[in-house]
Structure formats: structure tokens, C-alpha cells
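What follows is a short report on a single structure.
Basis for what follows: all heavy atoms, side chains included, without hydrogens, waters or symmetry-related copies. Numbering of ligands and ligand atoms starts at 1, following listing order.
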Amino acid sequence: MWDLEISKIIVEEFTEKLKKSLDVDVAIVGGGPSALAASYVLSKNGFNVIIFEEKNEPGGGTWGGGMLFNELVVEEDVEWFLEELDMKYKKTKGFISIDSVHFASALLYNSTKVGTKIFNNVFVEDVLMSKERINGVVINWAPVIRQRLHVDPITVKAKYVIDGTGHPASVVNMVIDRNLSIDLPLGKIREFPMNAKEGEKFVLENTKEILPGLLVMGMAAVSVGGGPRMGPIFGGMLKSGIKIANIIIENIDVEVKG
Ligand code: 48F
């Protein structure tokens with residue numbers, strides 16, 4: 001009976017995928033452009049990478065371009081990355097312009113093609129931590145959280161957790177809520193008004209490991225560092241993801257205990 005077979009395939013394959021994802025090298029929270037760039041580089045280099053995205057559609061703030069004009073801009077120095085991902089784009093006025101739907105889908109396609117597993121509709125509600133470091137994340141179905149159902153989560157162990165949650169820097173906020181002191185330059189998570197040129201520089205400078213096992217990238221790095229937002233220019237997001245991937249590639253030999 002087809003209907004039964006179809007259901008069995010879905011349940012068995014998903015279970016298999018989730019089982020393999022319970023103990024990983026890198027868990028990324030949020031499925032925006034920085035996450036997709038980071039996961040592409042990490043997976044391509046043989047790391048076991050998962051992304052948890054609370055929405056049905058991963059891609060974060062890419063799909064709508066600027067004010068729903070579905071076109072976005074990157075700097076010319078990321079052209080090599082667009083080429084590597086086989087994207088179509090146009091050089092204009094010293095920048096590169098790309099259809100935002102094409103950009104989002106190319107990132108998603110390439111990241112998953114090299115092995116990243118994306119779990120959509122999954123909300124990261126907490127972190128796993130020992131005295132020494134952040135050891136993973138605590139997950140639940142996003143609809144469970146939205147409906148405020150009284151259902152316990154499950155945990156995922158990871159050598160590194162990356163906060164790729166964009167403007168709210170949700171993971172860093174969770175850690176602060178747990179009373180762990182993080183050295184925030186402004187003493188709190190804060191973003192400044194739009195300034196594309198400064199913001200693009202700032203995001204890269206503030207992309208780093210902020211606690212053992214916890215790294216920040218993309219807009220989360222800007223909010224944590226206290227810098228200006230930059231709107232619909234996305235080169236900094238790609239470069240931030242690539243930078244965080246390279247930081248991890250150079251340090252991955254950590255032993256995760258607990
Ligand atoms: O905000 P977002 O696109 O992250 P990003 O990679 O890129 C920022 C740009 O889109 C844009 C910008 C560029 O100039 O300013 O804003 O920093 O994507 C973040 C994703 O994280 C998800 C959220 O739904 C979004 O898709 N997210 C946030 N908190 C959680 C989460 C959570 N606790 N669990 C799972 N997903």
C-alpha cells in the first residue's frame with residue numbers, strides 16, 4: 001500500500017537523519033546568509049554541520065531584498081564566492097547586484113549539497129554548557145514554542161555552537177540570561193543606525209569566538225559588538241560566515257566533555 005510505504009519512508013529517513021545529527025562538530029542557530037556561507041565552507045571541508053531554523057523557510061533576511069524589491073547587493077570582493085556557488089549576478093556601479101531569490105536558493109542548494117543538514121521549524125531554546133565551555137544546544141519544535149505547549153526539549157551535542165540568529169543575537173542573550181558573563185563592548189546587546197560601509201567592516205571585525213565553544217557571526221556579531229546595521233548589502237554576511245568557518249577549521253581538535 002503506497003500510503004503506508006510513503007509514511008514509513010518519511011519517518012525512518014527523518015529519524016536516521018536526526019540520530020546522525022545529535023552529536024556534531026558544529027551546530028548553527030539560525031539559517032540566514034551567514035549561516036549558509038559558514039555551513040557551506042565547513043561541510044565542504046568534511047565537518048559534520050547542522051543548522052536549526054525556527055521558520056519553515058531557511059534563508060533569513062535574504063528572500064525579500066530591500067523593502068521587498070527582491071534584488072540585493074554585495075561587494076566585488078565576494079565575487080569568487082558567488083562564482084564558486086555558480087550564481088548569476090550583474091556588476092554595476094562598483095557593486096554586484098543579485099536576484100535575492102536566486103541568492104537565497106543558491107546558498108541553500110550549495111550548503112545542503114555539500115552535506116549540511118538543515119532542520120527547519122526547530123527552535124533553539126537553550127544551550128548545553130559545562131564549566132569550561134558551551135557544549136551544544138537544546139531544541140524543540142518551533143510550533144511547540146509558539147503554542148506554549150508544556151513539552152520538554154531534547155539536546156544536541158556540538159564541539160562548536162554558532163549564533164547566527166541575526167539582529168536579536170538570541171543565543172548570546174540566552175547565555176547572558178543564564179548569568180554567564182560575556183564581555184560585551186557596550187555592556188549590553190545593542191545595534192546602531194544604518195551605515196552600510198561601516199556596518200560591513202564592523203561585522204567582520206566582530207565575527208569571533210566569544211566564549212569557549214560559542215561563536216558569533218552575521219548580524220548577531222554586530223548586535224553583540226554594538227555596531228551599525230547595514231540593510232540590504234550582504235557581502236559582509238558571506239564574509240562573516242566564511243571567517244567563522246575558517247576559525248573553526250583551525251581549532252576543531254577540541255575535546256568535548258560532559
Ligand atoms: O537575520 P538572518 O538573515 O541572519 P544573518 O545571517 O543575516 C542578516 C541579514 O539577513 C540582514 C542584514 C544584512 O545586511 O542586515 O538582516 O545575520 O537570519 C537569522 C535566522 O535565525 C533564525 C531566524 O528565524 C532567521 O531565519 N532564528 C533566530 N532565533 C532562532 C532562530 C532560534 N532561537 N532558533 C532557531 N532559529
Can you find an N or O of [X] that's nearer than 3.5 Å to an N or O of ligand 1?
X	answer
Thr62	no
Phe234	no
Val124	yes

Crowding at CZ, Phe14 (>12 non-hydrogen neighbours, <6.0 Å) = yes
Do side-chain atoms of [X] reach the backbone of [Y] as a donor and acceptor pair under 3.5 angstrom?
X	Y	value
Asp163	Val171	yes
Glu53	Asn120	no
Trp63	Pro58	yes
Thr116	Ser111	yes
Ser100	Asn70	yes

Counting only heavy atoms, tell me which of [options] gets closest to [atom].
atom	options	value
atom 6 (O) of ligand 1	Ser34, Gly218, Gly31	Ser34
atom 1 (O) of ligand 1	Gly166, Gly66, Gly32, Gly235	Gly166
atom 10 (O) of ligand 1	Gly60, Ala221, Ala35, Gly61	Gly61
atom 30 (C) of ligand 1	Glu125, Glu54, His167	Glu54

So which heavy atom in the protein is nearest [atom], and how far is it from that ligand atom?
atom	answer
atom 13 (C) of ligand 1	Gly231 O, 3.4 Å
atom 19 (C) of ligand 1	Gly164 O, 3.4 Å
atom 15 (O) of ligand 1	Met219 CG, 3.4 Å
atom 25 (C) of ligand 1	Glu53 OE1, 3.4 Å
atom 21 (O) of ligand 1	Gly30 CA, 3.1 Å

Is the shortest side-chain N to carboxylate O distance from Lys44 to Glu84 below 4.0 Å?
-> yes
Under-4.0 Å salt bridge between Lys239 and Asp77 | yes
Numbering as shown, the atoms of ligand 1 that approach [X] to under 4.0 Å (heavy-atom distance):
X	answer
Phe123	32 (C), 33 (N), 34 (N)
Val122	35 (C)
Phe52	35 (C), 36 (N)

Are Ile28 and Tyr109 connected, step by step, through hydrophobic side chains (Ile, Leu, Val, Met, Phe, Trp, Tyr) whose heavy atoms are closer than 4.5 Å?
-> no
Return the set of residues passing salt bridge (charged side-chain N to carboxylate O under 4.0 Å, His left out) with Asp23 (not counting sequence neighbours), or none when no residue passes.
-> none
Among the heavy atoms of Val222, does any lie under 4.0 Å from an atom of ligand 1?
-> no
So is Met237 close enough to ligand 1, meaning a heavy atom under 4.0 angstrom away?
-> yes
Are side-chain heavy atoms of Ile162 and Val29 found at a separation under 4.5 Å?
-> no
